[in-house]
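In what follows, every heavy atom counts, from backbone to side chain, and hydrogens, waters and symmetry copies are set aside. We're numbering straight along the sequence, starting at 1.
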Amino acid sequence: MKEIFSQIDEVIVLRDGEIVTQSATNKLKDKELIQSIVGQEVRKRYPKLPMKQGKEILRVKNLSLPGVLDDVSFVLRRGEVLGITGLVGSGRTSLARCLFGITSGYSGEVFFNRRRVKIRSPKMAVKLGIGLIPDDRRKEGIFNVSNLMLNITIGHLQAIERRRVRWMIDKTAEKRLSREYLARMGIDYFSLEQQMEFLSSGNQQKVLIARWFLVNTDVLILDEPTKELDIASKVEVYNLINEMVRQGKAVIFISSDFSEIIGMSDRVMVLACGKVVMKMDKKNVTKDRILKRALDEELKRQK
């Protein structure tokens with residue numbers, strides 16, 4: 001959006017194959033352009049719903065990974081969106097990988113529903129009720145040359161097993177559940193056999209979210225979930241986050257975009273050089289504060 005208003009003289013907005021707006025940039029407001037792109041009124045760029053927070057669901061205490069993370073601690077409650085941000089190399093993705101069991105060798109304690117656990121693998125994380133949408137969805141999230149059905153149901157094969165013959169897929173159940181969650185996510189597709197590589201980035205991301213909705217995940221870790229998405233797709237992802245917390249789930253929202261972190265989180269935690277350098281309620285957070293705390297730690301480390 002900044003590039004549009006600073007570099008471009010005239011804007012043409014295409015939606016559903018038709019020109020819906022054509023105007024000189026200096027005659028458009030930011031809100032008007034977003035509305036043209038999305039196709040409906042967007043009252044807020046970040047449509048965060050205020051939710052009453054419930055019981056503690058996840059507690060991380062003094063989690064450390066040699067050379068990467070240093071005494072990271074936080075508490076996550078049901079109905080809460082915890083925003084985690086920082087500069088490149090701050091340890092955000094490493095933290096996500098530890099909590100999902102991809103990275104081992106860390107020290108510290110993790111409590112899930114007040115029970116101490118040691119998450120040794122993604123399989124164990126899923127069994128507990130933790131899901132992850134990774135930073136690189138194409139390499140680590142989706143099965144690119146497989147169809148929509150597999151990408152949605154792969155996380156919960158028990159839901160589509162034949163009742164009398166275990167380990168065999170009930171194709172009718174697979175199609176029914178796939179259609180249900182594709183509709184629920186508002187995903188545009190032409191066939192259940194459609195390969196993921198032919199979906200837009202936004203729809204690929206929504207398929208990954210559909211996978212965790214089917215699993216009924218209690219804690220969903222989103223690592224840069226709106227990267228490479230257009231404005232309309234970003235708003236759709238934000239609304240799916242709202243749906244998660246409305247159901248009493250909890251979300252860890254990792255992003256390098258300070259604006260969306262402030263806009264969509266209940267609390268913000270800033271990492272720098274693997275350390276937690278700031279924890280604050282969203283009402284007291286500003287982009288300047290985030291950047292200052294992150295840079296201060298970086299400069300301290302360089303000295």
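A24 pairs by the side chain to side chain contact (heavy atoms under 4.5 Å, CB included) definition with N26, K27, not counting sequence neighbours. Remark: R293 pairs with no residue by the salt bridge (charged side-chain N to carboxylate O under 4.0 Å, His left out) rule, at least two apart or across chains. Considering only residues two or more places apart in sequence or on other chains, L157 meets the side chain to side chain contact (heavy atoms under 4.5 Å, CB included) condition with I160, I169. Checked against side chain to side chain contact (heavy atoms under 4.5 Å, CB included), D296 has the following partners two or more places apart in sequence or in another chain: K292. By the side chain to side chain contact (heavy atoms under 4.5 Å, CB included) test, V68 is found to be paired with L65, S94, residues two or more places apart in sequence or in another chain being considered. The salt bridge (charged side-chain N to carboxylate O under 4.0 Å, His left out) check on R211 picks up nothing, with sequence neighbours excluded. With sequence neighbours excluded, the residues that form a salt bridge (charged side-chain N to carboxylate O under 4.0 Å, His left out) with D135 are K227. Under the rule for a salt bridge (charged side-chain N to carboxylate O under 4.0 Å, His left out), the partners of R138 that lie at least two apart in sequence or sit in another chain are E228.
Each of L214 and I154 belongs to its own hydrophobic cluster when Ile, Leu, Val, Met, Phe, Trp and Tyr are linked at side-chain heavy-atom distances under 4.5 angstrom.
Under a cut-off of 6.0 angstrom, the local environment of NZ in K275 is sparse, with at most 12 non-hydrogen atoms contributed by other residues, nucleotides or ligands. In K279, the NZ atom is crowded: over 12 heavy atoms of neighbouring residues, nucleotides or ligands sit closer than 6.0 Å. The number of heavy-atom neighbours closer than 6.0 Å to CG of N284, taken from other residues, nucleotides and ligands shown, is above 12. No more than 12 heavy atoms of other residues, nucleotides or ligands sit less than 6.0 Å from atom CD of E3.
For the residue pair N242 and K48, the shortest heavy atom distance occurs at OD1-CA, 3.8 Å. Counting all heavy atoms, side chain and backbone alike, L28 lies closest to S23 at CG-OG, 3.8 Å. Residues L132 and W212 approach most closely at O-NE1, 3.2 Å, considering heavy atoms. The shortest heavy-atom contact between F253 and S265 is CD2-OG, 4.2 Å.
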Side chain to side chain contact (heavy atoms under 4.5 Å, CB included) evaluation trace for V251 with L222:
CA-CA 7 Å; V251 173; L222 300 167; 3.8 Å; yes
Can you list the steps and then say if S233 with Q205 is a side-chain hydrogen bond (donor to acceptor under 3.5 Å, both in side chains)?
CA-CA 9 Å; S233 297; Q205 196 73 306; over 6 Å; no
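Identified under the salt bridge (Lys or Arg N to Asp or Glu O under 4.0 Å) test for residues 187-210, with sequence neighbours left out: K206-E236. For residues 113-130, the set of pairs meeting the side-chain hydrogen bond (donor to acceptor under 3.5 Å, both in side chains) definition, not counting sequence neighbours, comprises E109-R116. Within the structure, every pair that satisfies the salt bridge (Lys or Arg N to Asp or Glu O under 4.0 Å) test and touches residues 239-248, not counting sequence neighbours, is listed here: R184-E243.
The pair D281-R267 does not count as a salt bridge, with every side-chain nitrogen at least 4.0 angstrom from each carboxylate oxygen.
Hydrophobic cluster membership of V145, counting Ile, Leu, Val, Met, Phe, Trp and Tyr whose side-chain heavy atoms lie under 4.5 Å apart directly or via other members: none, as it forms a cluster of its own.
R78 places a side-chain N or O within 3.5 Å of a backbone atom of G248 that can act as its donor or acceptor partner. Looking only at distances, a side-chain donor or acceptor of S73 sits under 3.5 Å from a matching main-chain atom of N62.
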